[in-house]
Amino acid sequence: MEVHRSEQEIIRRENLNKIIAVGIDPFPAEMYPYNTTAKEIHANFDPAKKNFQEIIIAGRLMQKRIMGKASFAEILDTTGRIQIYITRDEICPTEDKTLYNDVFKKYLDIGDFIGIKGYAFVTQTGTLSIHVTELKVLSKSLRPLPIVKKDADGKVHDAFTDPEQRYRMRYVDLVVNPQVKEVFIKRSKILSSMRAFFDAKGWLEVETPVLQRIHGGAAARPFATHHNTLDMPIFLRIANELYLKRLIVGGFEGVYEIGKMFRNEGMDRTHNPEFTSMEIYVAYKDYIWMMEMVEQCLEYIALEVNGKTIVEYGGKVIDFAGPYPRMSMYESIEKYTGVNISEMEEEEMRKLCKKLHIEIDPTMGRGKLIDEIFGAKVEANLIQPTYITDYPLEMTPLAKKHRSKEGLVERFELFVNGKEIANAYSELNDPIDQRQRFEDQLTLAKRGDDEAMVLDEDFLKSLEFGMPPTSGLGIGMDRLTMLLTGQHSIQDVLFFPQMKAETK
RNA sequence: GAUCGGUUAGCUCAGCUGGUAGAGCAACGCCCUUUUAAGGCGUGGGCCCUGGGUUCGAGCCCCAGACUGGUCACCA
């Protein structure tokens, strides 16, 4: 197959060969013993103290400004950029000036990895720089990087902004757009601080099957695959809830899992086919206890990640400091529509939906209708973290019946910026009730509800052995990350969002 | 899934009522040499997303498709 290469790629390959021709390995195998970073030098260099006098650093060459026997350049390491100052006679102390005249000046390109030894100093114009005494080629770059530059008028050249290119070539995006790296560093911190919060409570991080015979625990279309040796259909999990509950049956006090779920559904700004969920189950607790736990946890994470509980998101200021207001689903609907639907029958509710211009179809039961009203009239108003509690029973087959309110379950969802962030129950641990709920789901499925849940016989068996009262919680980690990092697309908090194959 | 937009040089984008391509940055060459996007002069670089069609002639108009972004619908 003929490979088309651009002029710039061809030149870089020629430069590669020229480096080899002068006896330098452009891809050396041995480690490079750097002893500091650009960030450390910027933070701690003090000319009076004469520190940073024996520096070794490594990174990509990002700019070259050549002026005869002396040149300035910039290198980008894992922490940031720093200017370097190179003189010919210092890196080439003998008669042989090849390393400077040819290798540095001609054969090294933007994006190449180099290692340098030297000492820190401040130039006449006041720029902190490294005076180079030794230069080593660490790795050649064969493709041109788009180098973002800002000119004297503040005009930006070469910005690498096309979302498609950024997602498809995230490696380039990360090199060229430093703020992207910050988002992912924060994402990592969100995960680690959440783990720290749970671990401090003594709860156990566990792993449960990703490959499942029965895709239980949620209502969603799964990815289907096949196990060759077992000659058996297998699904990628859409949830791990039923497995985590089995572990509570087994006697753990608290278990949580942070992992990928897979749903074979549409993709948009807030949905990727694989996404990261956190689910936690704690024995002998209920959903009221869980609300306090979630407030503390999110406040803790916000502080760890951003140093404050306030986050600016799309011009709104959101405060994760608890406690969060609590409103029952009926109360919230009454607040935003003026109608009390708590005693309303299904038919009356259909009329209400028509009046409110909410589209419905005949397969929807009373619970689904309530959910539709809520989605259309309430959700978007819940900007600050708000708990909505006590959902209709038929929407929630895995939650315990409400202790005092007929027809409802002990469930809450946490809404932030008009979106659901967390979902929690007092878990249903009555195996007889649970079987009935699964059967009701089957009835709904026959009525045409394609989101109805699948019955898991082994899970029911585990409940029959006895599960303590338990509270469970799920959090969509990608969406939480979006909020805490100010990103508006899930693709901006995933390194490699799902993309169609390029056809070119 | 519906709808509107985008796709032209390595990157970001122009391209008029249709006359087979331009800029800035990047690259390459020369000049100058302690610069701050260093400067000056010059050069090269294009399957104009793909396939059809209309036309003497298509980057531009028409049809079909691909990828992609926004909005709406559904879901976490």
Side-chain angles (χ1 to χ4, degrees), chain A residues 2 4-12 14-15 62-74 83-88 106 109-111 121 123-129 131 141-169 172-173 176-177 217-221 238-239 241 260-279 359 361 371-372 375-376 413-415 419-423 450-451 474-480 482 488-491 497 499-504:
Chain A
E2 200 179 328
H4 173 79
R5 293 206 178 96
S6 71
E7 181 193 36
Q8 295 192 42
E9 286 176 273
I10 292 163
I11 288 163
R12 280 168 183 249
E14 285 168 6
N15 286 341
M62 294 304 272
Q63 202 179 51
K64 276 201 294 185
R65 298 189 291 273
I66 291 169
M67 284 150 294
K69 286 180 255 177
S71 301
F72 286 89
E74 257 178 51
Q83 177 166 283
I84 63 176
Y85 172 66
I86 298 188
T87 58
R88 186 192 67 188
K106 294 182 191 162
D109 294 304
I110 304 298
F121 76 110
T123 63
Q124 287 171 17
T125 50
T127 305
L128 174 58
S129 307
H131 194 119
S141 166
L142 298 181
R143 288 173 184 260
L145 280 170
I147 297 299
V148 185
K149 289 177 110 181
K150 203 186 269 184
D151 68 18
D153 309 326
K155 205 174 139 199
V156 176
H157 296 276
D158 284 9
F160 186 62
T161 50
D162 179 13
E164 177 178 357
Q165 293 307 314
R166 289 185 44 225
Y167 301 146
R168 287 192 193 278
M169 296 194 286
V172 174
D173 189 31
V176 157
N177 296 320
R221 274 188 292 160
I238 57 172
E241 171 155 0
K260 289 280 182 77
M261 302 299 154
F262 307 86
R263 298 191 182 177
N264 207 341
E265 293 171 345
M267 295 160 57
D268 62 25
R269 211 168 70 253
T270 56
H271 295 84
N272 196 65
E274 57 180 293
F275 63 100
T276 302
S277 95
M278 191 295 302
E279 292 220 6
E359 272 189 53
D361 68 66
D371 194 50
E372 291 291 320
E413 290 189 317
L414 174 64
F415 287 85
K419 301 263 163 55
E420 183 203 327
I421 286 298
N423 182 18
D450 59 358
E451 293 172 5
I475 293 181
M477 296 307 293
D478 308 290
R479 291 180 181 180
L480 179 63
M482 286 166 65
H488 292 264
S489 169
I490 198 168
Q491 296 172 108
M499 290 276 195
K500 284 197 190 178
E502 274 180 302
T503 46
K504 277 183 195 177

Distance, rounded to the nearest Å, where [X] contributes [atom1] and [N] contributes [atom2]:
X         : N       : atom1 : atom2 : result
Lys69(A)  : rA38(B) : NZ    : P     : 22 Å
Arg143(A) : rA27(B) : CZ    : P     : 18 Å
Arg166(A) : rC11(B) : CZ    : C1'   : 14 Å
Asn272(A) : rG69(B) : CG    : P     : 11 Å
Glu7(A)   : rG29(B) : CD    : P     : 11 Å
Lys419(A) : rC74(B) : NZ    : P     : 13 Å
Lys64(A)  : rA38(B) : NZ    : C1'   : 15 Å
Met169(A) : rG10(B) : CE    : P     : 11 Å

Give me the distance, rounded to whole Å, that separates [N] from [M] when you measure between the [atom1] atoms they each carry.
N       : M       : atom1 : value
rG45(B) : rA21(B) : C1'   : 13 Å
rG52(B) : rG42(B) : P     : 42 Å
rA38(B) : rG1(B)  : P     : 48 Å
rC25(B) : rG40(B) : P     : 9 Å
rG18(B) : rA58(B) : C1'   : 6 Å
rC60(B) : rG24(B) : C1'   : 24 Å
rG5(B)  : rA64(B) : P     : 14 Å
rC62(B) : rC30(B) : P     : 49 Å

Hey, does [X] reach any base, or is it just sugar-phosphate, or nothing, if we go heavy atoms under 4.0 Å?
X         : result
Ser6(A)   : sugar-phosphate
Asp162(A) : sugar-phosphate
Arg269(A) : sugar-phosphate
Tyr167(A) : sugar-phosphate
Gln124(A) : sugar-phosphate
Asn264(A) : nothing
Thr123(A) : base

Can you tell which of [options] lies closest to the side chain of [X]?
X         : options                   : value
Gln8(A)   : rG10(B), rU34(B), rA37(B) : rG10(B)
Asp268(A) : rC11(B), rC74(B), rU68(B) : rC74(B)
Pro163(A) : rC28(B), rG69(B), rC67(B) : rG69(B)
Met499(A) : rC28(B), rG45(B), rG69(B) : rG69(B)
Lys500(A) : rU68(B), rA26(B), rC74(B) : rU68(B)
Phe72(A)  : rU34(B), rG70(B), rA27(B) : rU34(B)

Is [N] paired to anything, Watson-Crick or G-U wobble with both distances less than 3.5 Å, and if yes, which nucleotide?
N       : value
rU33(B) : none
rA27(B) : rU43(B)
rC13(B) : rG22(B)
rU71(B) : rA2(B)
rC48(B) : none
rA66(B) : rU7(B)

How close do [X] and [Y] get, counting heavy atoms only, and between which atoms?
X         : Y         : result
Ile66(A)  : Ser71(A)  : CA-OG, 3.4 Å
Gln83(A)  : Arg65(A)  : OE1-NH2, 2.7 Å
Met499(A) : Tyr167(A) : CE-CB, 3.0 Å

Heavy-atom nearest nucleotide on RNA chain B for Thr161(A) versus Gln83(A): which residue maps closer to 5'?
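Nearest nucleotide further toward 5': that of Thr161(A).
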Between Gln491(A) and Met267(A), which has a closest nucleotide on RNA chain B that is more 5'?
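Nearer the 5' end of the strand: Gln491(A).
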For the side chain of [X] and the backbone of [Y], is there at least one donor-acceptor N/O pair under 3.5 Å apart?
X         : Y         : value
Asp478(A) : Thr276(A) : yes
Arg263(A) : Ile238(A) : yes
Arg12(A)  : Arg143(A) : yes
Asn177(A) : Phe160(A) : yes

Taking the six-membered ring for Trp, are Tyr85(A) and Phe72(A) parallel (under 30°), tilted (30 to 60°) or perpendicular (over 60°)?
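Tilted: the ring planes of Tyr85(A) and Phe72(A) meet at 30° to 60°.
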Look at the side chain of Asn15(A) and the base of rA27(B), then say whether one donor and one acceptor between them are separated by less than 3.5 Å.
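It does not, because no donor-acceptor pair links the side chain of Asn15(A) to the base of rA27(B) below 3.5 Å.
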Counting only side-chain N and O atoms of [X], is one of them less than 4.0 Å from OP1 or OP2 of [N]?
X         : N       : result
Gln63(A)  : rA38(B) : yes
Arg168(A) : rU68(B) : yes
Gln165(A) : rC67(B) : no

Do Phe262(A) and Pro273(A) have side chains that get closer than 4.5 Å, going by heavy atoms?
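Side chain of Phe262(A) against side chain of Pro273(A), heavy atoms only: no contact under 4.5 Å found.
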